[in-house]
Amino acid sequence: MSDYHYQYSLCSVPAWVIGSREFNANPTPLSVHGVRATHAHFFKKLDNLSSWEERARTFQDYMDVAFHLHQWRKNGDAGGQLCLKHSYLGFLRGWLFNADSIEGAVLKGWVQNRMGLPPTYHGGHIKGKESDAYLSYLKDRMKGSARTNGIFSQLDLLYEFVQYEMTRRDPDTTHITLFRGVHGFYDHDILEWDGNKGKGVVRLNNLNSFTHDFERAWEFGTFIIEARVPVSKIFFDGDFLHAGILKGEEEVLVIGGVYDISRRII
């Protein structure tokens, strides 16, 4: 977005800080206001569980009850596909198939609403709030948000659970090196670039797909973006859910902003 404007953040950290290069260098924990307090009994229960399998299963069961997802299953088909469509799992699956889908717009909308970072791409470059791409994004976001029960609240708890799990596993880790395969490098908003070193500074979309696996990243592009991502800006990691549809998924969803990156070409 050429006319980039941060918005109000529902975290304790302002949006312009979350989206900054300085935050990525020296990150602090992020938390959506009120989520941990509202679900305090759930997180207390997690504290008493020793394995990630137990915690992941407990998270899935809790989401089912807290957001009445089981009602969709009772009223729908026996296989539970209707439940999936109306749950956070359906939106994650939609993103995995196409980040510019209706489901992708909802996830980008969550980042915009909670973190204050507007999207820079949705089926095309977003060059301002009057651009066709931004209007398409808003249309898709409204369609997706209208079809389920409190999707932003579901995503709040998903993010908080992932953050809890990452801290529980390794409280001393502040950054994780991740990889993103891309075709159109110059589709990114490049702020600084040193072609000789293959390093630069870019503004990433407000939500982006990365992977832990360098080799797998080649499957998605002709070169790789490598970034050192703060743990607090990891929205979702497929390793942390027990649900069969996403279990073992290697995709990591990263909250955007200004990043130092390295480029690797085949």
Side-chain angles (χ1 to χ4, degrees), residues 30 32 35 39 42 52-53 55-70 72-73 76 79-115 117 119 121-123 137 140-166 176 178 180-181 204-213 216-217 219-220 229 231 233-256:
L30 296 174
V32 180
V35 178
H39 303 281
F42 164 67
W52 82 263
E53 291 91 347
R55 295 191 294 271
R57 190 177 296 108
T58 297
F59 168 75
Q60 188 175 337
D61 292 343
Y62 183 82
M63 291 287 280
D64 200 37
V65 174
F67 296 101
H68 309 290
L69 302 180
H70 55 289
W72 294 106
R73 185 179 296 114
Q81 291 301 310
L82 186 60
C83 174
L84 179 64
K85 177 182 177 182
H86 292 275
S87 78
Y88 67 102
L89 292 172
F91 284 83
L92 288 173
R93 186 178 68 166
W95 172 282
L96 298 179
F97 281 123
N98 179 9
D100 293 325
S101 61
I102 288 175
E103 295 86 355
V106 170
L107 297 189
K108 294 170 189 174
W110 179 88
V111 178
Q112 181 176 17
N113 184 271
R114 284 358 189 200
M115 303 290 176
L117 307 181
Y121 192 94
H122 186 75
Y137 153 71
D140 284 348
R141 174 178 160 178
M142 289 176 64
K143 284 182 179 178
S145 297
R147 79 182 192 200
T148 193
N149 181 26
I151 186 58
F152 276 14
S153 295
Q154 293 183 44
L155 298 176
D156 288 342
L157 194 52
L158 173 66
Y159 171 73
E160 295 291 346
F161 172 70
V162 169
Q163 290 297 306
Y164 172 93
E165 184 65 26
M166 295 188 74
I176 296 176
L178 296 173
R180 172 175 168 83
L204 294 177
N205 204 354
N206 69 347
L207 194 63
N208 310 268
S209 292
F210 278 79
T211 178
H212 293 283
D213 188 343
R216 182 177 174 97
E219 298 176 14
F220 300 96
V229 177
V231 166
K233 293 181 82 171
I234 293 179
F235 168 68
F236 169 74
D237 188 323
D239 286 341
F240 291 171
L241 292 189
H242 203 271
I245 191 169
L246 296 169
K247 186 178 180 182
E249 181 61 52
E250 297 178 2
E251 198 157 348
V252 182
L253 272 58
V254 171
I255 295 167

Inter-residue atom distance [X].[atom1] - [Y].[atom2], 0.5 Å rounding:
X      : Y      : atom1 : atom2 : result
Asn208 : Glu251 : CG    : CD    : 10.5 Å
Asp61  : Leu69  : CG    : CG    : 11.0 Å
Leu92  : Phe236 : CG    : CZ    : 5.0 Å
Asn206 : Ile255 : CG    : CD1   : 9.0 Å
His39  : Tyr164 : NE2   : OH    : 15.0 Å
Glu103 : Arg93  : CD    : CZ    : 8.5 Å

What's the shortest heavy-atom distance between [X] and [Y], and which atoms?
X      : Y      : value
Met63  : Gln154 : CE-O, 3.3 Å
Gly104 : Trp95  : CA-CE3, 3.6 Å
Asp140 : Ile102 : O-CG2, 3.4 Å
Phe152 : Val106 : CE1-O, 3.5 Å
Ser101 : Gly94  : OG-O, 3.4 Å
Leu253 : Ser209 : CD1-OG, 4.4 Å

* Asked: Do any N or O atoms from the side chain of Arg180 and from the backbone of Ala217 form a donor-acceptor pair under 3.5 angstrom?
  ->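 Checked: no pair found.
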Does any non-hydrogen side-chain atom of [Y] lie less than 4.5 Å from one of [X]?
X      : Y      : result
Arg141 : Asn113 : yes
Leu157 : Tyr62  : yes
Val111 : Phe235 : no
Met166 : Ile176 : yes
Gln112 : Tyr137 : yes
Gln163 : Leu30  : no
Ser153 : Phe67  : yes

| task | Mind telling me whether Phe161 and Phe59 have parallel, tilted or perpendicular rings, with 30° and 60° as the class edges? | result |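 The rings of Phe59 and Phe161 lie parallel, inter-plane angle below 30°.
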(request) Name all residues meeting the ring-ring contact (aromatic ring centres under 6.0 Å, His included) criterion together with Tyr159; count only those two or more places apart in sequence or in a different chain, and write none if there are none. (result)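 Per chain and number, Tyr159 pairs via ring-ring contact (aromatic ring centres under 6.0 Å, His included) with Trp110.
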